[in-house]
Enquirer: 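Here it is: the structure, laid out below.
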Amino acid sequence: MELKVAGLSKSYKRRKNKEVKAVDGISLEIANGELVSVNGPSGCGKTTLLLMAGGLMSPDSGKVLLGGMDLYALPPEERDRERALRVGFVFQQFYLIPYLTVTENILIPSVGSGTWSLSLRERAMELITRLNLDHRADHKPGELSTGERQRAALARALINKPSVLFADEPTGNLDDDNAEIVLDHIAGYADEGAAVLLVTHDRRVGNRAHRVYRMKEGRFSDN
Amino acid sequence: MAGKNNRDRTDIRTIIGSELRHSKFGFITGVLSLVIATAVFVASMILLRGDELATERLMMEKEKELRVEMVQLEDDYRIIMRNMGYNVLILSSEQRISDLEREGYATSLINYDDVWELAESGITTLNHLLPVLQQKIFWREKDTEIYLSGIRGQVPVYAKPGHLTDDFEYRSPIMDRVPDGKADLGEEVAAHHNLRPGDVVTIRGEAFEVNRVYPRRGNRDDLTMWIPLDRAQAIFGTPGMISGILALECVCATGELGQVRKEVTAILPHTQVFEFSSLIAARADVRHRASRLHEEILQAELAHQSRLRTEKERLATILIAVIIAAAAVWIFVLIHNNVRERRHEIGILRAIGFRRHQVLGIFLGKSVIMGVLASVIGCMAGVAAGLHFAGYPAGGFEPVNGTVVAGGLLLAPLLAFTAGLLPSVIAANQDPADILNEQ
């Protein structure tokens, strides 16, 4: 299993010290080449699950094994490095860096991981072509359409060929056509052998996912 | 191709450079605030240094002027002393003071050889010996009374070879001898009888050509005619005799006069010595007072300049501190706002694997670039402004020293680094999960 999540729990303290369980003992396994979708209403804990599984948020309890490696047993700096090399993220808000060009945005993970190379630049060009962004390669995010921005964000997530791709509502801001394109590419990346965890309430994911989990109040209600 | 690709490399510098170009307003105002801080610092230092140099020059000029004035003052006193009379008057021991007062000249004579005995005795306390024979006479030819003085100039004091030429003449005589057949006249004698140099006068049947007429001195000299000593001895019928010896004791201290009297009477026991100690003491006292006064003027000027400098330094310190504090606050606010505005950017960078020190580097790098750029511009502006306001002409870099320039070059980067550190650390410690969970 490329990604294994076991008994993950996370609570937040809200007003008056009231504790809210965002994720409550969730376990999940995703093999290479598998696309798993988790859907559910807003506030059910989907994003918290994704952030914990992606190594960005320490769980209160439970484990995350990435390629067999216990992510939260690693020192923070080492975990950052593993994340840079093995994990890709796509978010609803794109989070492109506004003053960098599309190409630079796509290559930015190589700065964090220190993996810049000519072949990486060639891969960036390949992704730009594949995602139909050739005419936008030297444009800044402010000059792009919403669909183009998400495609650029997807290219950025894929630049290091991560073994696991996490996508949090990647189609939330897109029209139908662009949503289809993005979902096709995400599914296509799973077909290339990666493990993909897709958190969404977009029903269009439907038949593209190998498994679909429904989440409610921090737990999987069924699948 | 590879070169081009390397130039296209995306790294921390790309991020910093692109962001600086993207947020021009913040960048320009940040640099500007640091430029002002650096320029004020450098210009103030140059102004203070320029002021210090100007004070040093002023004090040196004042000291030089005072030194010249002191030399002039001493010279004036030497001339005044010579014109006023002599320090020591050696007369016959038989001379009664009452007769001297009544007649106005010595009535008891001593031998002319006495002056030579004194000169050859090896005495060192007397510098100049002037034998004189003087009487008040009725000038029959002009029907008037005058003082007639016979002089021969200075008798060389052999114990003072430094004053003498190889021919035993004084290098700088304090009284010229009267040439043979000639006479020098006091101002009133000449004026009363309408005499000028070149006129011939007859006294007791002997003719003398007027050699020179002295300007008015306001004393008995104005009523005196000076002729060669031997002619006076002939006219008075006292060959080989003189009234006394005028000894100018030069610059000796007051305390040595008793010693002078002792030495002179030991060599010439039949003489008595009249002292003019009050004149010497007065001269020394005035000279010391003048010296003290000049020293006081110098010290007062120094103290005044020092007070001014302290005041200027205090003002400069306050000004520099305020400007630096304002620049630091501005940089802090700029970077802090920048961190807030770039919160999502920090979140995604951390999510895709940027480590804390890399995020810190992005924000601190921006601060330091602003600082380095501002240091160069600020230094140049500060040097130009400092030299301009210090009144230095083009090309005059005297008050600009390496320490000030180095300080100016270091100030802005250090200031930017310090002011930008806290917000940068805040940025580096942002929790990406918190940021990304906000959506």
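Reminder, nothing fancy here: chain letters follow the sequence lines and each chain counts from 1.
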Enquirer: Among A:I97, A:L120, A:T101, which residue forms the greatest number of heavy-atom pairs with chain B at distances under 4.5 Å?
Expert: A:I97
Enquirer: Considering only heavy atoms, give the residues of residues 139-162 of chain A separated from chain B by less than 4.5 Å, sorted numerically, with 'none' for an empty result.
Expert: A:R156
Enquirer: Would B:R342 and B:F363 count as a cation-pi pair here, with the cationic atom under 6.0 angstrom from the ring centre and within 45° of the axis?
Expert: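 Pair B:R342/B:F363 counts as cation-pi.
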Enquirer: Please flag which part of A:F166 lies under 4.5 Å from any non-hydrogen atom of chain B: side chain, backbone, both or neither.
Expert: neither
Enquirer: B:I377 pairs by side chain to side chain contact (heavy atoms under 4.5 Å, CB included) with which of B:L34, B:T38, B:V35?
Expert: B:V35
Enquirer: Is a salt bridge present between A:E77 and A:R81, judged by a nitrogen-to-oxygen distance below 4.0 Å?
Expert: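 Answer for the salt bridge query: no.
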Enquirer: Using heavy-atom distances under 4.5 Å, tell me whether B:Q358 contacts chain A through its side chain, its backbone, both, or neither.
Expert: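 The answer is the side chain of B:Q358.
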Enquirer: Taking A:K10 first and then A:D24, would you say they form a salt bridge - that is, a charged N and a carboxylate O separated by under 4.0 Å?
Expert: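 The answer is no: the pair does not qualify as a salt bridge.
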Enquirer: Looking only at the side chains, is there a donor atom on one of B:K366 and B:N338 sitting less than 3.5 Å from an acceptor on the other?
Expert: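 There is such a pair between these side chains.
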Enquirer: Any side-chain donor-acceptor pair under 3.5 Å between B:R350 and B:Q430?
Expert: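 B:R350 vs B:Q430: no donor-acceptor pair found between side chains.
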Enquirer: Can you tell me how far OG1 of A:T103 sits from CD1 of A:I106, rounded to the nearest 0.5 angstrom?
Expert: 6.0 Å
Enquirer: Counting only non-hydrogen atoms closer than 4.5 Å, can you tell me which residues of residues 49-62 of chain A sit against chain B?
Expert: A:L51, A:L56, A:M57
Enquirer: Side chains of B:E19 and B:S23: is there a donor and an acceptor less than 3.5 Å apart?
Expert: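 Checked: B:E19/B:S23 side chains pair up, N/O donor to acceptor below 3.5 Å.
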Enquirer: Counting only heavy atoms not in B:R13, do more than 12 fall under 6.0 Å of its CZ?
Expert: no
Enquirer: Does the pair B:R309 and B:E313 meet the rule for a salt bridge (charged side-chain N to carboxylate O under 4.0 Å, His left out), with working shown?
Expert: CA-CA 6 Å; B:R309 182 170 166 74; B:E313 278 176 350; 2.9 Å; yes
Enquirer: Contact part of B:L349 toward chain A, heavy-atom cut-off under 4.5 Å: side chain, backbone, both or neither?
Expert: side chain
Enquirer: Looking only at heavy atoms, which two atoms of B:M45 and B:I320 are closest? And how far apart?
Expert: CE-CD1, 3.9 Å
